[in-house]
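Below: the structure, in structure tokens.
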Amino acid sequence: MERWAEDTARRCRAVAPGVALPVADALDTVAARAVATPAIVVTGPVSSGKSTLVNALVGRRVAPTGAGECTRLTARYVRGPVDRLDVVLADGTRRPLPLAEGGRVPAAVGDRLGVDPADVDHLLVSLTSEALDGLTVVDTPGAGSARRPRGPARGAADAAEAALVVLPAAARPADVAGLADAARHGPAGVVAVLGRADTVGTGAEAAAAADALSRRLGAQVGAVTPVVGLLAETALTGALVTADVAALRALAADPGTDAALADPDLFTSAPSVVDPATRSRLLDLLDRRGTGLAVALLGECPDAGVGEVCAALLAASGLDRVVDRLRAEVRGRSDLLASVAAERRVAALAEAERLAVRADRRRGTAGSDDRDLVRLTDLLEDLRARPLHVDVALVEAAARHASGALPLPDDLAADLALLAAPAPDLARRLGLGGPGELAGHAARRAAAWRGYANWGTPPVRAEVAGTVHRGWARLWGELTR
């Protein structure tokens, strides 16, 4: 079966030869993006821990991190044969720039190049990291940043098919509404995390805060997973070395360490067998929670090495759950998300052409061709007629229900879960004999949910029931075709 994204690209390229050259170029760009490596944009408020999480995802300490605002320009991280940084200007030209000390992206790119940062569209960072196989990661300036790009400079972020939203525990719906990248994708294209979860409390307290955040924002971002990006970054990037573990081992044998860890200043200044500079480095790498975890591990297993300590840090970070969600909710649906994103780009192109035609008519000129608008409109209607929109609606409704933002009756929720993530053994899971019995079941469920949606059901539930009806009806059609 042809993939949705490939089908989208084929239809766009089929229309391109019949329209004006600028429109054809735009359609070719849409087609290329549809079948390109899926990209996920990392977004969130300033100082939410975005760039630390980006480093963990790409497997390198390359994005600038620290207190305050560090990400000043949108940066795209891709797999490449060598580590390389290119500055892409607004006019499309590229200028190579050496990475800063330690292989990091320099904070003041404009100063190094002698250009105005407003003239920079984005940074293109190629890395040899295996973590970027089959995925592009886009780091963005925090919401509320004075440097957050607007207009044409948002192109690098707008090319993403999904969003990883890093939120503080106190985030409110208005905060998420400001994250245009996330809101544009909806719950089906969003993986939301509670960043810096260690600042909220213990694992149980962080999980409770994430659940509360999910209930508060679920209609916009779906489920929220707690994560400690600093621990994940240190564990995955090779930042922790043998000398650090030796210092942690010495601290584990020092009876004053537990009391000193109550306060960062006390930890670095109190008398200890480890010098203050090394203790300060450990806080930079692990913070107090990670240092405490490593000290406890080495207290129980003094022979543990760097690998064992990093494994414990990674497990405590919660990144594995985030990665599992990325695989299941983004990479697993990347084809669907890419196709829907391409449709939105075609819609924007058609709207721009429509505005141009209206402007030319008001001026009494003939700069824009009505025939191009007709072809774009026909293409958009053709794309929107495909059944993938049922899949999108099912996935979004399932995400909202899972987050607690959309309460549903048990039987409706069960059918929604079946259709949002259909399995090849659906008949067996339902206890049915085969395709024939499954087709009959699909017809009965389609009829039942159509009736439910039409008989005085509250609007939100009626909408979901209508979507489930269409899902069962489509399955019946596929089985009886």
Side-chain angles (χ1 to χ4, degrees), residues 49-63 65 129-131 164 166 169 191 193-210 224-264 266-268 272-275 277-327:
K50 293 187 301 87
S51 294
T52 302
L53 194 53
V54 166
N55 285 337
L57 290 173
V58 305
R60 296 281 189 87
R61 290 171 67 89
V62 62
T65 60
S129 174
E130 294 181 359
L164 176 64
V166 187
V191 172
V193 301
L194 169 62
R196 296 181 175 175
D198 53 326
T199 62
V200 176
T202 63
E205 292 168 333
V224 179
T225 301
V227 65
V228 185
L230 179 62
L231 299 188
E233 178 191 48
T234 298
L236 290 173
T237 60
L240 195 74
V241 297
T242 303
D244 298 321
V245 174
L248 289 165
R249 190 177 293 112
L251 288 171
D254 186 343
T257 297
D258 288 343
L261 278 170
D263 180 81
L266 179 62
F267 178 69
T268 55
S272 174
V273 295
V274 177
D275 64 272
T278 300
R279 282 177 279 162
S280 179
R281 169 179 163 79
L282 292 175
L283 285 182
D284 289 341
L285 291 175
L286 306 171
D287 210 346
R288 287 187 297 140
R289 181 189 178 193
T291 302
L293 286 170
V295 165
L297 171 64
L298 291 165
E300 295 179 2
C301 307
D303 295 333
V306 174
E308 290 86 350
V309 173
C310 285
L313 295 173
L314 184 59
S317 74
L319 184 69
D320 55 345
R321 294 188 294 275
V322 177
V323 171
D324 287 344
R325 288 190 61 193
L326 288 173
R327 287 173 178 163

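Note: hydrogens, waters and symmetry copies are ignored here, and every other heavy atom, side chains too, is used.
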Using a 4.5 Å cut-off on heavy atoms from C-beta on, say whether the side chain of Val228 contacts that of Asp287.
-> no
Taking all non-hydrogen atoms of both residues into account, name the closest pair between Val245 and Ala304 and its distance.
-> CG1-O, 3.9 Å
Of all the heavy-atom pairs spanning Leu194 and Ala169, show the shortest one and how long it is.
-> CD1-N, 3.4 Å
Any chance you could measure Glu308, atom CD, to Cys301, atom SG, to the nearest 0.5 Å?
-> 8.5 Å
Do Asp198 and Arg196 touch side chain to side chain, with heavy atoms closer than 4.5 Å?
-> yes
Could you tell me which non-hydrogen atom of Leu285 sits nearest to which non-hydrogen atom of Leu230, and how far apart they are?
-> O-CG, 3.5 Å
Considering all heavy atoms of both residues, which atom of Leu313 and which atom of Leu231 are nearest to each other, and what is their separation?
-> O-CB, 3.8 Å
In Å, rounded to the nearest 0.5 Å, how long is the span from CZ of Arg281 to CG of Asp275?
-> 11.5 Å
Atom CG of Leu236 and atom CG of Leu57: how far apart are they, to the nearest 0.5 Å?
-> 9.0 Å
Please report the shortest heavy-atom distance between Leu293 and Ala316, naming the atom on each side.
-> CD1-CB, 3.5 Å
Return the minimal non-hydrogen interatomic distance between Leu240 and Cys310, and the atom names on each side.
-> CD2-SG, 4.1 Å
Student check: side-chain heavy atoms of Val241 and Val306 closer than 4.5 Å | no
CG on Leu282 to CZ on Arg288, rounded to 0.5 Å = 14.5 Å
Just by modelled atom types, is the Thr52 backbone N or O under 3.5 Å from a matching donor or acceptor in the Asn55 side chain?
-> no
If we only count heavy atoms from C-beta on, is the Leu164 to Val322 side-chain gap below 4.5 Å?
-> yes
Evaluate the side-chain proximity of Thr291 to Leu283: yes if any heavy-atom separation is below 4.5 Å, no if none is.
-> yes
